[in-house]
Undergrad: 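Here it is, the structure, as structure tokens.
Lettering follows sequence order; numbering is per chain, from 1.
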Amino acid sequence: MTPLDEDLPPASPAETMRVIEQQRAAAERKLQPHPMVFFGPWGTAWLVGFGLLFLRFGPDGRVFVPMPRWLPLTVLFVLLLAAMVVSTYLSGRTVRHVHGRSSVKGAMYGFSWFFAFMGMGLTISRFDDALSDVDKGLLWTTVSVGLTGALHMAGGAVWEDRTLFALGVWLTVVNVVGTLLGAGWHSLVISLAGGGGMLLVGFVQWLRSRESGHGGRT
Amino acid sequence: MTDQLPELDPVIHAQARLRVVVALSTLHDGDLLAFPRLQEILGMTAGNLSVHLRKLEDAGYVEVTKTFSGRTPTTLVCLSPRGRLAFNEYTAAVRAMLPPPSEQE
């Protein structure tokens with residue numbers, strides 16, 4: 001076979017496969033956001049924020065760690081806001097210069113989070129006056145976490161990502177379990193199983209991406 | 001398919017162009033990559049990359065779109081369906097040339 005020009009073929013089939021695997025891994029590393037870009041900040045926000053809520057507003061009104069009433073929710077909101085800023089910035093930096101279908105999908109998906117939560121907030125605030133403080137808190141968190149679970153499942157469908165879909169199912173299930181256990185317990189379940197679960201998923205995906213970057217596929 | 005080893009596609013079977021095609025093959029269907037980003041991923045000079053893209057475009061393997069983002073001209077690149085097919089066939093042909101994998105692993 002005659003080469004087309006001075007761009008010479010790789011030395012052997014094995015060398016060719018090595019070039020393919022290496023270049024594929026390099027391109028994927030540069031074009032796909034690191035899994036921890038999403039799961040790191042969001043998982044930490046849930047773990048710490050809901051953890052503080054549990055410690056301050058435990059089951060049956062127990063206070064495990066004394067702290068001002070405003071502190072847990074403030075920390076949760078600040079961390080959620082930080083997570084939104086950090087993950088948007090870092091993922092945007094990775095996918096910049098990729099145009100076309102994925103960027104449209106990404107924009108629609110991001111918008112659906114924003115819009116769904118705005119709609120949820122506006123509708124729930126219409127009803128929550130009638131509830132006790134404890135039930136009010138549980139209503140807001142259970143609907144918020146439930147919506148998050150649904151959006152994760154939808155994200156799994158959009159990107160054909162089974163892990164993301166499974167995480168959505170998991171969040172939906174633990175949310176129901178936590179809500180059945182009642183206020184206080186719900187915070188603990190969401191902190192550990194929800195936030196901890198996200199961190200674990202991110203960590204496992206990161207390990208997997210490292211393996212495929214070094215070894216090549218089986 | 002015959003018993004003989006298939007002839008490898010000379011357009012793809014070349015160090016630099018192979019890397020261009022591999023990098024573009026990691027894009028999702030329907031996505032396009034801006035020229036400077038492709039250049040950064042491959043670590044090629046703009047001139048060198050242009051030459052190889054031209055050859056891939058001539059073969060019908062790559063689609064190059066010139067567009068504007070605001071007032072800045074942007075060149076967007078992606079594999080054509082034909083290019084994707086050619087790359088899959090190329091990969092399959094190279095795999096067929098490898099010695100069969102050993103049983104123990």
Undergrad: Taking the side chain as everything from C-beta on, heavy atoms only, tell me whether A:P9 gets closer than 4.5 Å to B:L8.
TA: no
Undergrad: Using 0.5 Å steps for rounding, measure from the CZ atom of B:F87 to the CD1 atom of A:I20.
TA: 4.5 Å
Undergrad: Which one, B:D29, B:V21, B:V22, leads in non-hydrogen pairs under 4.5 Å with chain A?
TA: B:V22
Undergrad: Would you say B:R19 and A:Q22 make side-chain contact, with heavy atoms under 4.5 Å?
TA: no
Undergrad: Which heavy-atom pair separates B:L18 from A:P10 by the least distance, and what is that distance?
TA: CD2-CG, 4.1 Å
Undergrad: Looking at B:F35, I want to see if its CZ is surrounded by more than 12 non-hydrogen atoms of other residues, nucleotides or ligands under 6.0 Å.
TA: yes
Undergrad: Flag the one option from B:C78, B:P99, B:G30 with the top tally of heavy-atom pairs under 4.5 Å to chain A.
TA: B:G30
Undergrad: Using a 6.0 Å cut-off, check whether atom CE of A:M118 has over 12 heavy atoms from anything other than its own residue.
TA: yes
Undergrad: To the nearest 0.5 Å, what is the distance between NE2 (B:H28) and CZ (A:R101)?
TA: 11.0 Å
Undergrad: With a 4.5 Å limit on heavy-atom distance, are the side chains of B:L32 and A:V98 in contact?
TA: no
Undergrad: Just checking A:R96: does its CZ atom have more than 12 heavy atoms from other residues, nucleotides or ligands closer to it than 6.0 angstrom?
TA: yes
Undergrad: Rounded to the nearest 0.5 Å, what separation is found between the CG atom of B:L27 and the CG atom of A:L31?
TA: 6.0 Å
Undergrad: Quick check: does any side chain N or O of A:D7 sit under 3.5 Å from a backbone N or O of B:H52, one acting as donor and the other as acceptor?
TA: no
Undergrad: Look at A:A11, A:A26, A:A27 and state which one has the largest set of heavy-atom pairs under 4.5 Å with chain B.
TA: A:A27
Undergrad: Quick one: pull up CG in A:L8 and CD in B:Q15 and give me the separation to the nearest 0.5 Å.
TA: 7.5 Å
Undergrad: Are the side chains of B:T26 and A:Q32 in contact, using a 4.5 Å heavy-atom criterion?
TA: no
Undergrad: Pick out which of B:L76, B:L33, B:T67, B:D31 makes a side-chain contact (heavy atoms from CB on, under 4.5 Å) with A:H99.
TA: B:L76
Undergrad: How many angstroms lie between NE2 in A:H97 and OG1 in B:T74, if you round to the nearest 0.5 Å?
TA: 8.0 Å
Undergrad: Around atom CH2 of A:W113, are there more than 12 heavy atoms from other residues, nucleotides or ligands closer than 6.0 Å?
TA: yes
Undergrad: With rounding to the nearest 0.5 Å, note down the distance linking OG1 in A:T94 to CZ in B:R37.
TA: 7.0 Å
Undergrad: Is there a side-chain contact between A:T16 and B:H13 in this structure, where contact means two heavy atoms from C-beta onward sitting under 4.5 Å apart?
TA: yes
